[in-house]
Asker: 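Mind looking over this structure? Questions follow.
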Amino acid sequence: MRTQVAIIGAGPAGLLLGQLLSRAGIDNVILERRSCAYVLSRIRAGVLEQGMVDLLREAGVSDRLDREGLVHEGVNLAFGGVLHRLDLKRLTGGSTVTVYGQTEVTQDLVEARRALGRPTVYEAEEVALHGIDTAAPRVSFRANGTQQELRCDFIAGCDGYHGVSRGAIPAGALATFERVYPFGWLGLLVDRPPAAEELVYARHERGFALCSMRSAARSRYYLQVPLEERAEDWTDEAFYDELRLRLPAEVAAALRTGPALEKSIAPLRSFVAEPMRFGRLFLAGDAAHIVPPTGAKGLNLAASDVRYLFDALREHYRDGSDAGIAAYSARALARVWKAERFSWWMTGLLHRFPGSSAFEDRMQQAELDYLVSSPAASAALAENYVGLPYHGEAGIGPLQPFRDGSGPPGR
Ligand code: APR
Ligand code: PHB
């Protein structure tokens, strides 16, 4: 088998890249370890930045998103029993976020790929990368009981944190940066209207809590819990009781409870691998970086990586230029690190850290108070929350000039 771009992983990063490439006439094959049903059953994040919404529109997969996505112009911070609304739209000069589940994004992409008739090999086993630093890379795998090989020009490693792609880069060429947090998030999904119209990020002495949603009829709630907790040990009632304790009275009173559709615990981690390209292998999405979910950046970073990678591959095939390929890693990492910083900062601001001192406690309270009372501080949170521009000023590593020679545009 031969293709132009071999994509490993059919999560949002791999599927979105495949969709953009297919529409640009660039041949691609996706290899996915799990079944399609399994991929579509995963409950993940749900807040899309404007840049991701625009990219989904460009990819031709926004019909349902445009119909069903909830545009949010604000977000709430809760602390000291009081709810504070940040007007994202006003603070950013017009930007908003869209609430639409990652599961729905994935579903829309799977259907679009089916409609285009592009190949995805599900339940591909023993996926292995070969010759990534040569002009003729290959991916070997087993499917339907037979050993197969996919020859290609490039490999896109979109196989998440536990995938094989990152490991194909020689250890000496890869630097990794990591922070593991001493707590997790217990999430609950329920078919009841949300307790508040917009998201509520709550700091409380008992721990962080988040009220989110998937639609006007479906809510997603989270509680900070110790890492050793198990989701099975939490009854729905115990979850709701604890959630009410951590929310301002008005939000707690509006909470509509019901049987959980899903309940699970996710650990919190910050992780970055550099570089994001080695030879003809590109890493994109969770394969290259993980953020803690506070701030909702994981899915959005996968989208910005795909934006840069798609542009680079299109330049290669259409214009015969490899400038975008050379710039990919630095360009993606400049945005990744800023989202890492924001997610780490929001996590530190809102969670209760085991063993934290009374002084650190007061620092959190003072910072929150400052955030909601200073327009400059509110604006800094808002511009990060709605998503930094895809072509921001160079942060880490040099950015290549743009093709028209103008250099990267500012805001
Ligand atoms: N071979 C083939 N496929 C693999 C392999 C492998 N060895 N290992 C993992 N995969 C697949 C996984 O089964 C998964 O479907 O790669 C896919 C990676 O998808 P995600 O983990 O969803 O990662 P990504 O596409 O980068 O999406 C970004 O945003 O909200 C966050 O973390 C959340 O998943 C989300 C991410
Ligand atoms: C979610 O809805 O799952 C969600 C929303 C916001 C976050 C994290 C998760 O910061």
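For ligands, and for the atoms within them, numbers begin at 1 and follow the listed sequence.
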Asker: Using a 3.5 Å cut-off on N or O atoms only, is His162 in polar contact with ligand 1?
Answerer: no
Asker: If you look only at pairs with a residue in residues 138-150, which of them pass as a side chain to side chain donor-acceptor pair (under 3.5 Å), with sequence neighbours excluded?
Answerer: His130-Ser140, Arg138-Glu149, Thr146-Gln148
Asker: Is there a polar contact between ligand 1 and Ala124, counting only N or O atoms under 3.5 Å apart?
Answerer: no
Asker: Counting only heavy atoms, which portion of Leu199 has something under 4.0 Å from ligand 2: side chain, backbone, both, or neither?
Answerer: side chain
Asker: Do the charged groups of Glu49 and Arg335 touch, with an N to O distance under 4.0 Å?
Answerer: yes
Asker: Test of understanding: given a 4.0 Å heavy-atom threshold, classify the contact between Ser212 and ligand 2 as side chain, backbone, both, or neither.
Answerer: side chain
Asker: Tell me, please: is Arg214 in heavy-atom contact with ligand 2, that is, under 4.0 Å?
Answerer: yes
Asker: What part of Ala13 sits under 4.0 Å from ligand 1 if we count only heavy atoms: the side chain, the backbone, both or neither?
Answerer: both
Asker: Does ligand 2 have a heavy atom under 4.0 Å from the side chain of Tyr385, from its backbone, from both, or from neither?
Answerer: neither
Asker: Is it the case that ligand 1 has an N or O less than 3.5 angstrom from some N or O of Arg34?
Answerer: no
Asker: Closest by any non-hydrogen atom to atom 15 (O) of ligand 1: pick that one out of Glu126, Glu32, Arg44.
Answerer: Glu32
Asker: Pro293 versus ligand 2: do any nitrogen or oxygen atoms come within less than 3.5 Å of each other?
Answerer: yes
Asker: By the definition salt bridge (charged side-chain N to carboxylate O under 4.0 Å, His left out), identify the one residue from Arg220, Arg214, Arg218 that meets it with Asp191.
Answerer: Arg218
Asker: Please report which non-hydrogen protein atom sits nearest to atom 33 (C) of ligand 1, along with the residue it belongs to and the distance in Å to one decimal place.
Answerer: Asp286 OD2, 3.5 Å
